[in-house]
Amino acid sequence: MQIPFCDIKFQYEQCKDKIDAAVAQVMESGYYINGPQVRELEEKLADYVGVKECVGVANGTDAILVALMALDIKAGDIVVTTPFTFIATAEVISLIGAKPAFVDIDPNTYNICPDALQTYLDSSKDRSKIKAIIAVDLYGQCADYERISKIAKDNGLTLVEDGAQAFGAEYKGTKACSFGDIATTSFFPAKPFGCAGDGGAVFVNDEKLALKVRQIKDHGQSKRYCHTLIGINGRLDTVQAAVMLAKFDHFKDCEIALRQNVATKYSSSLLDLAHSQKVKLPYVENFNSSVWAQYSIQLLAAQREEAQEALKAKGIPTAVHYPIPLSLQECFAYLGYKEGDFPVAEAVANRIMSLPMHPYLSDEQINYICVTLKEVL
Ligand SMILES: *Cc1c(COP(=O)(O)O)cnc(C)c1O
């Protein structure tokens, strides 16, 4: 049996007629930049997430970049984040000349650890330079926003939610991408809510901040050829907005539940491996509802590469999100971190492995993956 890791083509086929018609309509209209679909999508998503404004942008990386620019984060500032995330989260901090600072993660959720965050703030020698926190909703589960928001507020810091993996998730009954002063997401095809190329969005309640985001993602224009702010070309394409609009109902009404179903089946089938300490299963807080961007397990007693090879030979692709903590990436060598600085993130990075994950994995496929994994381990 050959299993796809993330069957985006099958996801397209579920809404093919609607998507094809929507794309054709954009093509016919000739309105390829800032078409009416962009605004329509923004309104729909803001409504769904429960914030005042959504601004479509070119991708999830630009979403964070534009958010930091709108918050006036600048050269010399420090922005605190997790070392266990996709590079984009921290890359944009450096890109605007600010400095990323990492704090370790929670050993169960793998999200930024509020205690580690507090300890860092209490002990930092550069306290006055610290301006913001970026929390990431890893694998589709929200970070602990009640605690993190309180820490941000008590310390006078702005909070950004990087919800690239969590659009559609909930934290204590509130939708992901609504936390902090500003939140961002990505519509990269392999994310839970993906488009047919690159796309992203910024979510914000403050209307002045929303206007700033809107201008920055469009060359800082307040009106045509009037450049009030330094900005970028970071607009969401009309075609991508049309694709997202065509998919949205199906995503929210079907695919979120299907993803959760797949995860539940994985976890019950793999329970014995967890009991025998061979793997650590994903842990979702009881107040969280994950959208399962990834189903990632820790291999506690096996060599990961060997296990991946053996699974691959049986038609089961796996992936590692992420093999190297950002603190140990070459591009961040200038920050001066060393091995041992973030023991939890480093241990998890060594052992984590993602299994195939998409809404349409069948019971038979899940069963095959779990049986094979047990043989391999
Ligand atoms: C995917 C991702 C991004 C970047 O999104 P792009 O659309 O690929 O630019 C940022 N942060 C996290 C946590 C991600 O997973």
Side-chain angles (χ1 to χ4, degrees), residues 5-6 8 41 45 54-69 79-96 100 102 105-106 109-112 132-143 145 148 159-169 171 176-177 179-180 182-203 213 217 232-237 239-241 243-244 259 282 290-296 319-327 329 331-332 345 348-349 352 354 357-358:
F5 185 77
C6 166
I8 46 182
L41 179 73
L45 299 189
C54 165
V55 183
V57 293
N59 54 66
T61 308
D62 280 355
I64 313 168
L65 174 64
V66 164
L68 293 179
M69 289 169 78
V79 179
V80 192
T81 190
T82 162
F84 194 57
T85 175
F86 182 57
I87 184 74
T89 312
E91 187 175 46
V92 290
I93 301 170
S94 290
L95 199 59
I96 55 174
F102 300 114
I105 56 169
D106 178 273
T109 64
Y110 311 140
N111 282 327
I112 194 166
I133 301 163
I134 306 180
V136 177
D137 305 332
L138 203 73
Y139 304 151
Q141 169 171 219
C142 284
Y145 286 108
I148 297 167
L159 175 59
V160 180
E161 174 188 8
D162 176 358
Q165 303 186 5
F167 186 85
Y171 171 86
C177 302
F179 298 100
I182 195 161
T184 67
T185 198
S186 163
F187 306 133
F188 182 78
K191 308 283 178 183
F193 186 37
C195 61
D198 280 308
V202 176
F203 297 88
V213 167
K217 67 104 167 109
I232 64 168
N233 175 356
R235 297 172 301 243
L236 177 67
D237 288 340
V239 165
Q240 297 306 341
V243 169
M244 307 296 291
R259 300 183 85 91
S290 176
V291 75
W292 298 100
Q294 304 296 342
Y295 186 92
S296 305
V320 177
H321 306 99
Y322 298 93
I324 306 171
L326 299 190
S327 50
Q329 291 286 354
C331 65
F332 288 134
V348 176
I352 203 80
S354 302
M357 183 50 162
H358 64 82

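Along the sequence shown, the residues carry numbers beginning at 1. Below, all heavy atoms of this structure are taken into account, side chains as well, without hydrogens, waters or symmetry copies. In each ligand, atom 1 is the first atom listed, and ligand 1 is the first ligand listed.
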Report task. Would you sort out whether Phe203 and Leu45 count as a side-chain contact (heavy atoms from CB on, under 4.5 Å), showing the intermediate values? Result -> CA-CA 9 Å; Phe203 297 88; Leu45 299 189; 4.0 Å; yes

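A search for side chain to side chain contact (heavy atoms under 4.5 Å, CB included) contacts involving Thr82 returns Phe84, Thr85, Ile105, Ile112, Val136, not counting sequence neighbours. Annotation: side chain to side chain contact (heavy atoms under 4.5 Å, CB included) contacts of Ala143 (sequence neighbours excluded): Asn111, Ala135, Asp137, Tyr145, Ile148. Here Pro100 pairs with Ala90, Ile93, Ser94, Phe102, Phe332, Tyr334, Leu335 under the side chain to side chain contact (heavy atoms under 4.5 Å, CB included) rule; sequence neighbours left out.
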Mind listing the N or O contacts between ligand 1 and protein, cut-off under 3.5 Å?
residue: ligand 1; atom: 5 (O); partner: Ser186; partner atom: OG; Å: 3.3
residue: ligand 1; atom: 7 (O); partner: Gly60; partner atom: N; Å: 2.7
residue: ligand 1; atom: 7 (O); partner: Ser186; partner atom: OG; Å: 2.7
residue: ligand 1; atom: 9 (O); partner: Gly60; partner atom: N; Å: 3.3
residue: ligand 1; atom: 9 (O); partner: Thr61; partner atom: N; Å: 2.8
residue: ligand 1; atom: 9 (O); partner: Thr61; partner atom: OG1; Å: 2.5
residue: ligand 1; atom: 11 (N); partner: Asp162; partner atom: OD1; Å: 3.3
residue: ligand 1; atom: 11 (N); partner: Asp162; partner atom: OD2; Å: 2.7
residue: ligand 1; atom: 15 (O); partner: Gln165; partner atom: NE2; Å: 2.8
residue: ligand 1; atom: 15 (O); partner: Lys191; partner atom: NZ; Å: 2.6

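Side chain of Ser290 to main chain of Gly140: a donor-acceptor pair is present (N/O by atom type, distance under 3.5 Å, no hydrogens or angles).
Ring-plane geometry between His321 and Phe5 is classed as tilted, the angle between the planes lying from 30 to 60 degrees on a 0 to 90 degree scale.
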